[in-house]
Amino acid sequence: MAAASTTNFPSSILGLDRRTFIGGLTSGAFLARPVMAADSVAKSENPLPGVITRQSNPDNLEYPFSTLDRFFTSNEQFYVRTHFEVPEATRDGWKLKIEGAVKTAIEISYQELRDMPAYTVPALLECSGNGRVYLEPPQTSIRWELGAVSTAEWTGVRLADILERVGVKAEAVDVLLEGADQGEFKKPEPETPGKIHYSRSLPLTKARQPEVILAYKMNGEDLPANHGFPVRAIVPGWYGMASVKWLNRIAVLNAPFHGFFQTFAYSIWQRESGAPTLVPVTAIQVKSQIARPMKGEVVAAGKPYRIYGAAWAGDENVVKVELSVDGGTRWEPARLIGDEKPFCWRFWEYEWKSPTKGRATLLSRATDAKGLAQPMERDPYRRDGVISHVLPVSIEVR
Ligand SMILES: Nc1nc2c(c(=O)[nH]1)N[C@H]1C(S)=C(S)[C@@H](COP(=O)(O)O)O[C@H]1N2
Ligand SMILES: [Mo]
């Protein structure tokens with residue numbers, strides 16, 4: 001289990017030692033399989049295959065999941081989920097306000113942030129709408145296929161260190177993260193009174209976890225504009241909506257935040273004493289996806305085929321991935337590749353020894369360290385997000 005406390009982290013995960021954990025990934029049989037080489041970003045001679053546009057202005061871009069090959073998605077291919085126009089920002093002009101239920105409200109400049117102790121955290125982000133194209137009836141929000149998920153190495157300062165600096169008051173419960181971007185919603189959404197900022201809150205306990213950082217680097221480079229330049233939050237283990245981009249204000253609150261992106265968008269139904277209540281989407285649920293074969297692929301009959309993909313489970317580890325090549329009648333274990341990395345995906349593979357002619361439905365199902373497996377059926381209480389049930393991949397063997 002990926003414990004969310006400093007003491008349980010291997011130093012390589014929260015420290016700056018990039019080599020240590022990449023070294024772990026390239027050991028053993030893994031090396032013999034170039035398609036999965038974990039450190040191939042630098043070495044790869046393949047041009048990057050690009051992204052899929054789901055919306056322009058602002059860009060909403062999907063990682064083509066069938067091209068999965070590197071453990072860390074390149075900055076160019078990392079999916080983009082943006083609601084409003086990308087705000088213009090410069091390092092010199094950037095300031096972070098920290099206010100609310102704090103002993104001393106402050107403003108931090110970019111340089112001051114860079115002068116604080118830095119931490120590097122590898123973490124997967126998944127949009128809560130990833131896989132939305134599979135929902136029925138068709139949803140209005142962006143219909144992602146499998147690629148609103150990516151993994152990168154993020155560098156920045158701990159939110160806990162910032163909170164320590166301002167001194168959180170005893171009555172504080174929530175930490176609001178606000179982006180510089182803003183926009184308006186009109187019908188059929190609940191209309192907003194003019195423009196609102198993108199913002200989300202974290203409960204104080206989550207905000208203080210050592211893996212939660214304010215990042216200024218992504219895979220060793222300055223954050224690209226689409227990913228929140230110059231500074232964004234990274235909340236490992238939670239769906240992407242919590243990782244606020246273009247961050248420029250933090251407000252410590254003495255009551256839970258109820259905002260557009262908190263209790264309307266990115267919220268799901270939960271039963272409390274029998275009555276359905278909308279609650280914010282939080283932790284990433286256990287999930288696996290098949291990268292290859294992709295839907296509609298034609299596979300050669302009688303020849304072994306290597307089915308592969310990735311699985312992840314938020315702040316839990318993935319302990320098992322099972323495969324079915326017959327629509328769910330028989331299941332067999334897939335092989336997990338490399339070492340587990342907290343808050344990241346785990347690659348897996350399965351050798352389909354002798355595909356027989358005809359149509360086939362492939363399924364993968366992951367189980368996390370708590371024993372939770374991906375559900376086979378969609379739970380409608382999850383509205384248009386948190387799509388973690390088993391998704392079929394139909395192919396043809398010829
Ligand atoms: N300021 C701001 N932060 C934001 C968003 C946004 O529109 N504005 N989108 C959120 C959502 S829904 C997701 S899934 C992630 C996506 O991060 P990425 O674009 O770097 O992949 O950013 C989150 N942070
Ligand atoms: Mo998202």
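In each ligand, atom 1 is the first atom listed, and ligand 1 is the first ligand listed.
Here the heavy atom of the protein found nearest to atom 17 (O) of ligand 1 is Arg232 NH2, 3.1 Å. Distance from atom 21 (O) of ligand 1 to its nearest protein heavy atom, with residue and atom name: Tyr79 O, 2.6 Å. The single protein non-hydrogen atom nearest to atom 7 (O) of ligand 1 is His83 ND1, 2.7 Å, given as residue, atom name and distance. At the shortest separation from atom 19 (O) of ligand 1 among protein heavy atoms lies Lys245 NZ, 2.6 Å. Nearest protein heavy-atom neighbour of atom 24 (N) of ligand 1: Ser243 O, 3.0 Å. Tyr198 OH, 3.6 Å is the protein heavy atom nearest to atom 10 (C) of ligand 1. Among all protein heavy atoms, the one lying closest to atom 9 (N) of ligand 1 is Arg81 O, 3.2 Å. The protein atom (non-hydrogen) at minimum distance from atom 8 (N) of ligand 1 is Asp181 OD2, 2.7 Å.
Any N or O atom pair closer than 3.5 Å counts here, and Thr82 shares no such pair with ligand 1.
The shortest heavy-atom distance from His197 to ligand 1 is not under 4.0 Å. Put simply, part of Tyr266 is less than 4.0 Å from ligand 1, judged by heavy atoms.
For ligand 1, the atoms lying closer than 4.0 Å to a non-hydrogen atom of Phe78 are 21 (O). Close contacts between ligand 1 and Cys127 involve ligand atoms 14 (S) [criterion: under 4.0 Å to a heavy atom].
Phe260 and Leu202 fall within the same hydrophobic cluster, where Ile, Leu, Val, Met, Phe, Trp and Tyr residues are linked whenever their side-chain heavy atoms come under 4.5 Å apart, directly or through other members. Both Trp94 and Met116 belong to a common hydrophobic cluster when Ile, Leu, Val, Met, Phe, Trp and Tyr are linked at side-chain heavy-atom distances under 4.5 angstrom.
For the atom pair NZ (Lys217) and CD1 (Ile234), the distance works out to 14.5 Å, reported to the nearest 0.5 Å. Atom CD of Glu85 is separated from atom CG of Asn57 by 8.0 Å, given to the nearest 0.5 angstrom. Between the CD atom of Gln374 and the NZ atom of Lys287 there is a distance of 8.0 Å, given to the nearest 0.5 Å.
Ser66 places no side-chain N or O within donor-acceptor distance of the main-chain N or O of Arg292, the cut-off being under 3.5 Å. The backbone N or O of Leu146 lies less than 3.5 Å from a partner atom in the side chain of Gln289, making a donor-acceptor pair.
A salt bridge links Glu99 with Arg249: the closest approach of a Lys/Arg side-chain nitrogen to an acidic carboxylate oxygen falls below 4.0 angstrom.
Heavy-atom proximity to atom 23 (C) of ligand 1, evaluated over Gly385, Pro87, Gly240, is greatest for Gly240.
Geometric assessment of Arg383 against the ring of Phe264 yields a positive cation-pi assignment under the 6.0 Å and 45° thresholds.
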